[in-house]
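If you read the sequence from its start, that first residue is 1, and numbering goes on from there. Counting starts at 1 for both ligands and their atoms, following the listed order.
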Amino acid sequence: MAESRADSPPPPPPSKTSLKPSLTVTLLSILAPILAVTILYRHEPFDPAPLPTHGLLGSVAAPRENGRMLRGAEMVGAGRMAGPEDVAYDSASGLIYVGCADGWVKRVKANDSVGDSTVEDWVNTGGRPLGLALGLDGEVTVCDAYKGLLSVSKHGTVKLLTDEAEGVKFNLTDAADVAPDGTIYFTDASYKYTLEEVIWDVLEGRPHGRFLSYDPATKETKVLARDLYFANGVALSPDQSFVVFCETVMRRCRRYYINGERKGQTDTFIDRLPGYPDNIRYDGEGHYWIALASGNSMFNELLLKYPFMRKGAAILERFNRRPAMEKNGGVFQVDLKGKPVAHYYDPQLSFISSANKIGDYLYCGSLHYPYILRLKLD
Ligand SMILES: *[C@@H]1O[C@H](CO)[C@@H](O)[C@H](O)[C@H]1NC(C)=O
């Protein structure tokens with residue numbers, strides 16, 4: 001608006017008023033954008049809510065840090081998989097399962113020399129497989145963002161286990177773990193928004209996530225915790241006393257007790273993570289590995305703290321003008337009590353979505369990269 005006016009200012013009268021037009025142009029060029037933004041803001045129906053303030057600001061640090069985790073990292077299966085979100089390992093067969101953006105669950109045989117690794121198209125769900133967990137009988141539990149909780153038999157037959165709870169359908173089935181008694185613990189990140197609309201769920205700041213269980217014997221789906229701010233990764237404790245699940249927007253992991261005195265209760269496992277947690281995995285050696293999709297930053301903290309800023313970001317998003325806020329993605333390692341052990345990240349990394357320690361290597365999945373990122377731990 002300011003520019004078109006500036007192109008055709010009224011011809012200035014010859015003498016002393018020559019200052020005037022340039023002043024008008026200057027004023028207009030300042031006021032027009034402000035006016036435009038005000039109008040856009042007032043007419044924008046999207047109405048973000050305040051988030052709980054506890055734990056929204058600041059981050060914990062780990063005693064060990066590697067801020068350049070890409071250095072020396074290798075790419076497994078490069079170009080042969082699209083966005084392998086989760087990385088599950090079957091120790092019996094030595095195969096790694098990944099769920100890809102094109103619907104494929106692929107099987108990867110990773111060799112010490114990355115070039116010799118093989119990638120096999122195993123099963124296509126027709127949706128978007130996210131979290132994967134190995135079942136008790138060689139089957140693979142697949143959280144399909146669009147289809148719900150699936151089970152793929154070892155022969156490759158896909159079966160829908162559940163896609164709703166309490167009459168509310170899942171819109172973003174996200175991650176799962178399987179208990180030794182067969183119970184599947186899993187999350188629906190949001191009943192309101194789908195995978196493409198994740199940013200809207202974050203910007204809205206209302207809790208649409210649920211933590212659930214599915215009992216294959218009774219076929220019953222139960223809601224164990226509700227009103228979660230983007231429910232994400234799930235991992236059982238080795239003694240089966242609790243299940244940890246991630247709440248991405250709140251940068252925390254929570255603990256739901258499944259046995260013992262506190263059965264049925266939920267508390268905080270770790271909060272103020274230095275980034276936004278996606279999947280979490282237990283390594284069988286006393287540690288959980290939490291993938292951080294993006295690092296925390298002062299800008300992100302302000303954005304989450306102030307609903308008006310999220311509304312502004314939503315307007316930019318509508319016009320495809322939201323600046324990329326994701327960087328410093330990586331992995332956070334904690335012990336069984338949730339105490340920080342190590343933090344691996346890199347300014348260049350974003351959307352790291354899973355981390356699985358297999359042998360001496362850390363295998364990381366991501367929503368976008370066409371490979372598994374492998375890091376030698378020593
Ligand atoms: C799930 O997402 C779709 C697409 O945005 C939306 O139309 C639908 O209402 C959502 N489901 C619920 C229960 O909100």
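- Relative to the ring axis of Y214, K219 does not place its NZ or CZ within 45° and under 6.0 Å from the centre.
- A side-chain donor from one of D239 and S237 sits under 3.5 Å from a side-chain acceptor of the other.
- For the pair R254 and F269, the NZ or CZ position fails the cation-pi test of under 6.0 Å to the six-membered ring centre and within 45 degrees of the ring normal.
- Every residue two or more places apart in sequence or in another chain that forms a side chain to side chain donor-acceptor pair (under 3.5 Å) with D267 is listed here: R255, Y257, R262.
- The E197 neighbourhood of ligand 1 comprises atoms 4 (C), 5 (O), with distances under 4.0 Å to a heavy atom of that residue.
- Under the rule for a side chain to side chain donor-acceptor pair (under 3.5 Å), the partners of E65 that lie at least two apart in sequence or sit in another chain are Y345.
- Less than 4.0 angstrom separates some heavy atom of K192 from each of these atoms of ligand 1: 1 (C), 2 (O), 10 (C), 14 (O).
- Checking atom 7 (O) of ligand 1 against the protein gives no heavy-atom contact under 4.0 Å.
- In terms of protein heavy atoms, atom 2 (O) of ligand 1 is closest to N171 ND2, 2.3 Å.
- Listed by number with element, the atoms of ligand 1 under 4.0 Å from a non-hydrogen atom of T194 are 2 (O), 4 (C).
- Under a 4.0 Å heavy-atom criterion, K169 is not in contact with ligand 1.
- In this structure, atom 11 (N) of ligand 1 is in close contact with the protein, since a protein heavy atom lies within 4.0 Å of it.
- Looking from atom 13 (C) of ligand 1 to the surrounding protein, the closest heavy atom is Y191 O, 3.4 Å.
- Between the side chains of D90 and S93, at least one donor N or O lies within less than 3.5 Å of an accepting N or O.
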